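Data block below; observations after.
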Amino acid sequence: MLREVQLHTLFSILMVICLIAIAISKRIASKRFNDFISVIGNSNYLKIYNRDQKLLSYFDSFLFVNLIISSGIFCAICIEKISKTSMANGITIFELIIAIGVFFLAKILIERLVGRLFKINTIVDHYLFQKTSYKNYLGLLLLPINALLIYSFNLPINAIYGIVVILLTINLSGVITTFKAYQNEIKANMFYFILYLCALEIAPYIIIYSIISF
């Protein structure tokens with residue numbers, strides 16, 4: 001019981017950090033935040049803020065902090081449910097969060113580099129902005145989901161899989177939205193874009209899945 005209380009305390013601290021990060025992001029750009037929370041089903045946010053998008057603005061950076069911490073907590077919960085082993089070791093949870101953050105950042109940097117090498121940097125930059133926006137939105141959704149999983153419901157494993165499917169579907173909708181918005185540019189550079197997708201969108205997740213399943 002003591003280990004469980006300690007784990008919940010650690011999760012509580014991490015979730016407070018997430019709330020602070022979100023509050024700072026809203027404080028930095030209140031209007032943009034209000035537009036951001038309606039990004040699903042509303043392309044106005046992407047059209048407006050894509051014009052002056054950067055690698056990671058202060059607004060996106062704090063939402064990114066929430067994303068990696070919330071993702072780390074959710075992954076820890078999934079590991080506990082699937083493997084039926086305790087994640088009470090704080091070092092393990094922090095290592096998981098750091099690994100997720102490094103993976104996301106490294107992926108963004110490599111994708112931008114590849115976009116410039118293939119001379120499709122404009123398409124890739126817009127694509128990364130939209131993809132990052134949808135991922136940050138998933139980070140917002142994960143915060144209440146994690147709270148329910150930790151403090152309220154003892155959900156069965158099938159429910160966890162259902163949540164994962166919903167989150168992946170939302171993320172996929174962001175990719176489809178981007179493809180529709182830039183379908184003409186993508187068609188003109190189809191060969192390079194397919195190489196980009198295979199190398200940097202599909203292969204990394206296959207490798208991670210292979211490592212985990214092994």
Side-chain angles (χ1 to χ4, degrees), residues 1-27 33-34 36-41 59-105 107-108 131-175 204-214:
M1 179 62 68
L2 179 60
R3 292 171 63 85
E4 183 179 354
V5 171
Q6 290 175 342
L7 181 59
H8 281 196
T9 301
L10 177 58
F11 280 158
S12 298
I13 294 173
L14 292 174
M15 291 181 68
V16 168
I17 294 175
C18 290
L19 288 172
I20 293 173
I22 294 172
I24 293 175
S25 183
K26 181 175 174 58
R27 178 69 176 177
F33 185 87
N34 292 333
F36 171 74
I37 59 178
S38 62
V39 67
I40 300 296
F59 176 85
D60 291 318
S61 296
F62 284 105
L63 290 178
F64 181 78
V65 170
N66 169 68
L67 170 66
I68 61 173
I69 296 177
S70 294
S71 298
I73 294 173
F74 183 72
C75 289
I77 295 172
C78 290
I79 291 173
E80 284 196 324
K81 291 287 185 179
I82 295 173
S83 64
K84 297 181 180 180
T85 58
S86 175
M87 288 284 294
N89 188 342
I91 297 178
T92 301
I93 297 173
F94 286 124
E95 288 174 347
L96 184 59
I97 292 172
I98 291 172
I100 292 172
V102 170
F103 174 76
F104 282 158
L105 280 175
K107 197 166 179 295
I108 290 173
K131 187 173 67 171
T132 301
S133 297
Y134 275 88
K135 279 187 168 58
N136 284 337
Y137 186 84
L138 291 181
L140 291 182
L141 294 181
L142 280 174
L143 191 59
I145 289 173
N146 287 339
L148 290 174
L149 293 175
I150 294 170
Y151 304 114
S152 297
F153 300 118
N154 185 19
L155 295 179
I157 188 63
N158 289 336
I160 300 294
Y161 287 139
I163 293 173
V164 172
V165 170
I166 292 173
L167 295 175
L168 291 177
T169 301
I170 294 174
N171 189 57
L172 180 61
S173 69
V175 176
Y205 295 103
I206 293 177
I207 293 173
I208 291 175
Y209 176 78
S210 300
I211 294 173
I212 294 175
S213 60
F214 179 79

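Just so you know, these numbers come straight off a predicted model, no measurement behind them. For this chain, numbers begin at 1 and follow the sequence in order. Note: hydrogens, waters and symmetry copies are ignored here, and every other heavy atom, side chains too, is used.
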Legend entry - Distance (rounded to the nearest 0.5 Å) between Phe103 CZ and Ser71 OG: 11.0 Å
Legend entry - Expected output: side-chain Asn66 to main-chain Gly139 donor-acceptor under 3.5 Å: yes
Inset, instruction - Please round to the nearest 0.5 Å and tell me the distance separating atom CD1 of Ile163 and atom CG of Asn146. - result: 9.0 Å
Legend entry - Nearest-0.5 Å distance that lies between atom CD1 in Ile93 and atom CG in Leu10: 4.5 Å
Inset, instruction - Could you tell me whether the side chain of Ile69 reaches within less than 4.5 Å of the side chain of Met15, counting heavy atoms only? - result: no
Inset, instruction - Determine the minimum heavy-atom distance between Ile100 and Cys75, stating which atoms define it. - result: CD1-SG, 4.1 Å
Legend entry - Residue pair Phe104 / Ile68, side-chain heavy-atom distance below 4.5 Å: yes
Legend entry - Distance, nearest 0.5 Å, that separates CD1 of Ile22 from CG of Leu67: 10.0 Å
Inset, instruction - Indicate the atoms forming the closest heavy-atom contact of Phe11 with Ala76, along with that distance. - result: CZ-CB, 4.1 Å
Legend entry - Check: Leu149 and Ile160 side chains under 4.5 Å, non-hydrogen atoms: yes
Inset, instruction - Return the minimal non-hydrogen interatomic distance between Tyr137 and Phe36, and the atom names on each side. - result: N-CZ, 3.4 Å
Legend entry - Approximate separation, where rounding is to 0.5 Å, of Ile77 CD1 and Leu148 CG: 10.0 Å
Inset, instruction - Specify the closest pair of heavy atoms between Phe33 and Ser25, including all atoms of both residues, with the distance to one decimal. - result: CD1-OG, 4.4 Å
Inset, instruction - Answer yes or no: is there a side-chain heavy-atom contact under 4.5 Å between Leu141 and Phe74? - result: no
Inset, instruction - Please examine the side chains of Lys26 and Asn34, heavy atoms only from C-beta on, and report whether any two atoms are closer than 4.5 Å. - result: yes
Inset, instruction - Report the C-alpha distance between Leu96 and Ile73 in whole Å, list the side-chain angles of each, state the deciding distance to 0.1 Å, and finish with yes or no for side-chain contact (heavy atoms from CB on, under 4.5 Å). - result: CA-CA 9 Å; Leu96 184 59; Ile73 294 173; over 6 Å; no
Legend entry - Side chains of Ile24 and Val65 in contact at under 4.5 Å (non-hydrogen atoms): no
Legend entry - Tyr151 and Ser12, any side-chain heavy atoms less than 4.5 Å apart: yes
Legend entry - Nearest-0.5 Å distance, CD1 of residue Ile145 to CG of residue Leu140: 11.0 Å
Inset, instruction - Check whether any side-chain heavy atom of Thr132 lies under 4.5 Å from a side-chain heavy atom of Phe64, and answer yes or no. - result: no
Inset, instruction - Quick one: list whatever passes side-chain contact (heavy atoms from CB on, under 4.5 Å) with Leu19, sequence neighbours left out. - result: Leu143
Legend entry - Set of residues satisfying side-chain contact (heavy atoms from CB on, under 4.5 Å) with respect to Tyr161, sequence neighbours excluded: Ile82, Ile157, Asn158
